[in-house]
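What follows is a short report on a single structure.
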Amino acid sequence: MSYVEESTVIDETIYDLINEAFDNERKYKDAKYRNSIFSKYNEYFVKTDDGSYSIKSKEINHKVETLHTSTGAISESFEKFIKPLKLDYDEDIAILDICAGLGYNSSAAIDDFLKNANGSTNLHIDLLEISKPTLAAGLMVPSPIEAHDITKKAIEESLIDCDYASLELESTEIPSNIDLKIHIDDARQVIQKLPDKTYDAIFLDPFSQNMSPELVSLDFFKEFRRVIKDNGIVCTYTSSAPVRMAFIEADFYVSLGPIFGRFQGGTLASPNPKNLTKSLPKNDEIKMALSDVGIPFRDPNLNLSSQEILDNRTEERHIARHNTKISSAVKTPIFLGQEMDDEPLKRRVERNLAKMNIPGVLSEEALYIVEPENDYKEEYLEDNNTRTRVLEMMKRLDEIKNNSKLSLKENGE
């Protein structure tokens, strides 16, 4: 299986049907093949609660989902990717949209720009999407907002340029102050060619970390840090510990993103803590900092397969557990410094801690490690925030572990 096929997440049947429709469009120069997909195979397109359409995913772990929340596909774009930005439209704006999919996130950005810009500034968006059929599906769904017609026009032009489509069916003109550039390629390769400190915002919208760990790796985020402006913001829907930890290790501050259509909020990341307002929950910070669950995905040369990245992280977690990181089993780290009434659970927790030479949940060592959380504030302050607390707890865990090793060495053990 090629990387493109591996990375494409839409249902295999509709994937093949879209490819067939565009093969016929090129062969017969007839619009009917493209125009019939949505009505003829409507079961693959799912209407969400706000009236916008999503598309079914392929089966993953014996489960079929949609690419967007059922609460509302276009609403999710506005709530998770536009509202947190607070962009200054008195200046030109540049956005990097990774995993552009049906084009909703960029369309929401265009809508916001057209409503708030003063007419003298410009919007540039680089849309990255590896799957041509996924982009083509964006041409087939009814536009949930007028701005989506602008995105459709850019998608169509790009698909014609790469000889996937052959007919100009989209009539909407792209405004002169909006520049949309679509990259149909591996995002890891594209981003290495983009200029430094260019983007005011990065939209990161892969289907899942287990499907595309290469798009949430520490090394990919180091490229984000290079291309984003100092006041830029990265928006993503995920609340995953390894993703958040990868942002921190890539020199970002991280905070809680909006909650929409899910039980947990997403993640915002920025080089500037002043751009962020809400810390991650306390227990999330502790687990990220101290346990193996916070170990990020790694892709040092930005060229590993998804499975290689997943396997490498599994091995790294195995090596780190009880050695450099506290076991994530039974959420052990969150009990540091806490009274525990559940005796069986306490015994399991303290067995895990003992392997890190931490005598107990209320030991001097335990209290020292999580002491930074005593000053926890939900408000995001420059000198007291999720990043500063996580890094300090990591440092203290290393101190305890290294001191214990030194003591053993001195005692000749």
Side-chain angles (χ1 to χ4, degrees), residues 68-69 71-72 75-87 95 98-99 105 108-109 112 199-209 215-218 220-221 224-225 228 230-291 293-297 328 331 333-334 336 370 372-394:
H68 307 85
T69 175
T71 308
S75 296
E76 182 176 29
S77 293
F78 281 103
E79 293 296 327
K80 292 188 174 181
F81 294 93
I82 304 303
K83 287 187 177 179
L85 297 179
K86 301 179 179 63
L87 293 172
I95 294 172
I98 297 174
C99 300
N105 294 339
D112 198 57
Y199 298 98
D200 299 277
I202 298 176
F203 301 157
L204 178 63
D205 202 11
F207 183 65
S208 76
Q209 66 176 31
L215 299 182
V216 292
S217 76
L218 166 61
F220 193 50
F221 289 173
F224 282 22
R225 187 65 178 83
I228 200 167
D230 291 339
N231 284 319
I233 294 182
V234 183
C235 304
T236 184
Y237 66 88
T238 185
S239 58
S240 160
V243 175
R244 287 170 165 175
M245 200 65 230
F247 276 123
I248 289 176
E249 292 194 23
D251 198 27
F252 283 93
Y253 292 84
V254 297
S255 76
L256 191 66
I259 298 174
F260 182 82
R262 299 170 186 264
F263 294 111
Q264 292 181 301
T267 301
L268 303 176
S270 176
N272 187 349
K274 293 180 179 179
N275 285 341
L276 306 175
T277 59
K278 196 172 184 179
S279 294
L280 298 181
K282 182 183 291 190
N283 282 346
D284 286 4
E285 294 182 356
I286 294 171
K287 286 184 289 185
M288 286 165 53
L290 305 179
S291 83
V293 76
I295 290 174
F297 299 97
S328 57
K331 301 179 180 179
I334 69 171
L336 289 170
V370 295
E373 291 294 336
N374 293 343
D375 294 324
Y376 175 87
K377 287 181 173 55
E378 187 177 272
E379 180 185 4
Y380 216 89
L381 305 175
E382 284 190 70
D383 59 352
N384 184 16
N385 54 62
T386 291
R387 174 183 169 83
T388 61
R389 291 189 293 268
V390 165
L391 292 178
E392 181 61 24
M393 285 188 287
M394 291 175 66

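Please read these numbers as outputs of a predicted model, since none were measured by experiment.
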If you compare all heavy atoms of [X] against all heavy atoms of [Y], which two are closest, and at what distance to 0.1 Å?
{"X": "Thr386", "Y": "Leu280", "answer": "OG1-N, 2.9 Å"}
{"X": "Asp251", "Y": "Arg225", "answer": "O-NE, 2.9 Å"}
{"X": "Val390", "Y": "Ala289", "answer": "O-CB, 3.6 Å"}
{"X": "Leu256", "Y": "Leu268", "answer": "O-CD1, 4.0 Å"}
{"X": "Arg389", "Y": "Asp375", "answer": "NH1-O, 4.3 Å"}
{"X": "Met288", "Y": "Ala241", "answer": "CG-CB, 4.0 Å"}

Main-chain N/O of [Y] paired with [X] side-chain donor or acceptor, under 3.5 Å:
{"X": "Asn105", "Y": "Phe203", "value": "no"}
{"X": "Thr236", "Y": "Leu204", "value": "yes"}
{"X": "Lys80", "Y": "Phe260", "value": "yes"}

Are the side chains of [Y] and [X] in contact, using a 4.5 Å heavy-atom criterion?
{"X": "Val216", "Y": "Pro242", "result": "no"}
{"X": "Asp112", "Y": "Leu85", "result": "no"}
{"X": "Leu87", "Y": "Asp200", "result": "yes"}
{"X": "Lys287", "Y": "Ser328", "result": "no"}
{"X": "Phe81", "Y": "Pro258", "result": "no"}
{"X": "Arg387", "Y": "Tyr380", "result": "yes"}
{"X": "Val234", "Y": "Phe221", "result": "no"}

Distance in Å, [X] [atom1] paired with [Y] [atom2], rounded so as to fall on 0.5 Å steps:
{"X": "Met394", "Y": "Glu249", "atom1": "CE", "atom2": "CD", "result": "5.0 Å"}
{"X": "Ile334", "Y": "Leu290", "atom1": "CD1", "atom2": "CG", "result": "11.5 Å"}
{"X": "Thr388", "Y": "Ile248", "atom1": "OG1", "atom2": "CD1", "result": "9.5 Å"}
{"X": "Leu218", "Y": "Phe297", "atom1": "CG", "atom2": "CZ", "result": "12.0 Å"}
{"X": "Met393", "Y": "Glu285", "atom1": "CE", "atom2": "CD", "result": "5.5 Å"}
{"X": "Glu76", "Y": "Tyr237", "atom1": "CD", "atom2": "OH", "result": "9.0 Å"}

(request) Would you tell me whether Ser279 and Asn385 have side-chain atoms, one donor and one acceptor, within less than 3.5 Å of each other? (result)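 There is no such pair between these side chains.
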(request) Examine the side chains of Ser240 and Gln209 and answer whether a donor and an acceptor come within less than 3.5 Å of each other. (result)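 Short answer, yes.
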(request) Would you sort out whether Asn275 and Asn231 count as a side-chain contact (heavy atoms from CB on, under 4.5 Å), showing the intermediate values? (result) CA-CA 7 Å; Asn275 285 341; Asn231 284 319; 3.9 Å; yes
(request) Output all residues satisfying ring-ring contact (aromatic ring centres under 6.0 Å, His included) with Phe252, sequence neighbours left out; order by chain, then residue number. (result)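 Applying ring-ring contact (aromatic ring centres under 6.0 Å, His included) to Phe252 gives Phe247.
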(message) Per the salt bridge (charged side-chain N to carboxylate O under 4.0 Å, His left out) rule, what does the pair list look like for residues 268-279, sequence neighbours excluded?
(response)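 Matches after skipping sequence neighbours: Lys274-Glu382.
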(message) Suppose the criterion is salt bridge (charged side-chain N to carboxylate O under 4.0 Å, His left out): which pairs have a residue in residues 230-245, not counting sequence neighbours?
(response)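 Passing the test, one end in residues 230-245: Lys197-Asp230, Arg244-Asp284.
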(request) Would you indicate whether Lys282, at its atom NZ, is surrounded by more than 12 heavy atoms from other residues, nucleotides or ligands within a distance under 6.0 Å? (result)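 Yes, NZ of Lys282 has more than 12 neighbouring heavy atoms, counting only those of other groups under 6.0 Å.
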